[in-house]
Structure formats: structure tokens, C-alpha cells
Amino acid sequence: MSVIEIEEKSVEDAIKVACEKLKLPREMLEIEIISKGSSGIFGIVGVKKAKIRVKLKAPSYETAAEKAKEILTKILEYVNLPTVVEAEARQDHVYLNIISNGSGLLIGKKGQTLSALQYLVSRMISKEFGQNIPIVVDTENYRARREKTLQELAKQLSKKVKKAKKPIATGPMSAQDRRIIHLTLKDDPSVRTKSKGEGNMRRVVIYPVKTAGRNQKNNGRRQNR
Amino acid sequence: MLRELVEQMAKALVDNPDRVQVSEIEGEQTSVIELKVAKEDLGKVIGKQGRTARAMRTILGAASTKLNKRAVLEIIE
């Protein structure tokens, strides 16, 4: 659903036309007034039309959650697996939980299948509502388990980096996974993290942060951020 | 089953759902699913860097594993 612009004699007229055109009540629309228009002098000189820009109001996460649940349920109907989908509108995203028989089928290798489902549902929802709504698809508590594993990994790697005083890279990871690594080590002053590589091969590199004494000697070799 | 899955996914992604055509060529082990969409919707089912197509293939792969089969998704221009 796109943005439309309407020009009419007055702002009120323009809003009326917009509602008729979109067949929606005014409350559903976000209206931005571009120019108020003026009737000019005696309605002859300097007549300017009023112009407004009309956009659909952001849908509530509850609405989006209902729709997302419906879409995901429909897709899963064709995967020969008994599943129930739970939807929940959370503060900053819509959370969908697939309850199934506990086989890893819907998770896939490194969560591939789950990511694919999540991506597709996001695309379908953004098409439906005309804007992006963050969606998380989960099953068998996978996301939480994965987060824990990655935090553990990040801590172990940072220990190694501190000991060896050399940068260490993780394996290739998805953006979500990298984010968890960055966040875990964000508050550790003795290491810093940076993503490197292109596309599918992007990984997180953990660098040791040199302590004040050594800093001067190695100044010329400091890694650029 | 697999044909309907692809049809369902494709229809929810495109602007012209009535112009989505899916056919399945069944082999002994492998099924080939052919997806045809309106020309202007081609980008929608492929996605940036083929991401949408890849996601559909991944889900198709999971669904066919359940049926002890293999399936290939072909997007036909």
C-alpha cells in the first residue's frame, strides 16, 4: 500500500477525497499536510490548492501477529507434519512459535529452515501491510538455545584472544548470530569485535585491545576500525 | 502436496496471485516443481541475490525430506 498525494480546494476536501478513494475511515489514515492552500485575493489572484499526502497507518502488532500466524499455518499445512502455531505481539517484534513433534526438521542445519520460514513470512507480511514488521519464527525454543550457545562461544573465544593476544575469527555466521556475538562482547574492554567478509562468508573477528603501555610501541600497526 | 506448498508460498509473495502456475513433474526419486509467475513478479519470487528463491527451496527441501523424496524448484521465465 503506497503513499498517495491529493490536491483539492481545501485540506478538508482533500481528506474527504482520500477516504473515498481508499474506502477507509479517516482514523486509519496518516495524513500529512504539504500545503494548506489559499483562496488568494478575491479568489482570483494567487489561488493555491491544498495538498496532502496520505499513508496507511501502521498496523498494530496484534493485527500483524494474527495475519502472520495465518500465513505460517497455511504454509505448514503442506509440510507433512502436525504443527500448531502460536503468535504473540511483543514489544519490538511479532513472535511466532511453532509447536511440533520435536524433530529438528523445521530447524534444519544451523537453523536454516527456520530462517527461511522467518524470511518468507516477513516478506509476505511486509507485502500485506506495505511496511516492514520484524518477525521472529521459533520452534522448540531454538532461538533461546542458540543464543546461549553463541554467548558461550563468544566468551570462550575472547578468553583465547586475550591469552594469545592475537585476533581470532568465528566461522561464517548469519547476521542474527553475529549480532549476538557482538552484543555479548560489547561490554568487555579488553577485546573488540568486527564483522569481516562478504555475503555468506561474513564472520566476526575478535581483536585484543592493547593495554596502555604497549600501545605506543605498536602505534603504527593499530588495526583500523 | 509439494506442488501446493510452492503455490501457496508464491501466491503470498506476488502481486498477481491469479497468474501463478505451478506444475510438478514427478520422477522416481526426484520431483521437479516448475513455478511460473507474471513477468513483473519474477523479481518477487527470486528476491535480492536470490534470497526468496533460496528460502523457498529450503522449505521445499524440508517438506520433501519428510516424504522421503527430493524436490527441485525451477523458476521459469
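Every chain is numbered from 1, with letters handed out A, B, ... down the list of sequences. Just so you know, these numbers use all the heavy atoms, side chains as well, and skip hydrogens, waters and symmetry mates.
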For A/K49, look at atom NZ and say whether over 12 heavy atoms of other residues, nucleotides or ligands are found less than 6.0 Å away.
-> no
Taking everything shown except B/D18 itself, do over 12 heavy atoms lie less than 6.0 Å from its CG?
-> yes
With a 4.5 angstrom heavy-atom cut-off, which part of B/L13 approaches chain A: side chain, backbone, both or neither?
-> both
Members of residues 107-122 of chain A whose heavy atoms come closer than 4.5 Å to chain B | A/Q112, A/T113, A/A116, A/L117, A/Y119, A/L120
Decide if atom CZ of A/R179 counts as having more than 12 heavy atoms of other residues, nucleotides or ligands within a radius under 6.0 Å.
-> no
What's the spacing between A/Y78 OH and B/R3 CZ if we round to 0.5 Å?
-> 9.0 Å
Give, for atom NZ of A/K74 and atom CE of B/M9, the distance between the pair rounded to the nearest 0.5 Å.
-> 14.0 Å
B/V6 versus chain A, heavy atoms under 4.5 Å apart: side chain, backbone, both or neither?
-> neither
Search all heavy atoms of B/A12 against all heavy atoms of A/K127 and return the closest pair with its distance.
-> O-CD, 3.8 Å
B/K48 NZ to A/R123 CZ distance, which is reported to the nearest 0.5 Å = 9.5 Å
Are there more than 12 heavy atoms of other residues, nucleotides or ligands under 6.0 Å from atom CZ of B/R70?
-> no
Portion of B/R57 that has a non-hydrogen atom of chain A nearer than 4.5 angstrom | neither
Sort out for me which of A/V79, A/I71, A/N80 touches chain B most, counting heavy-atom pairs under 4.5 Å.
-> A/N80
How about B/R51: does its CZ atom have over 12 heavy atoms from other parts shown lying under 6.0 Å from it?
-> no
Below 4.5 Å, heavy atoms only, C-beta onward: do B/Q8 and A/E77 meet side chain to side chain?
-> no
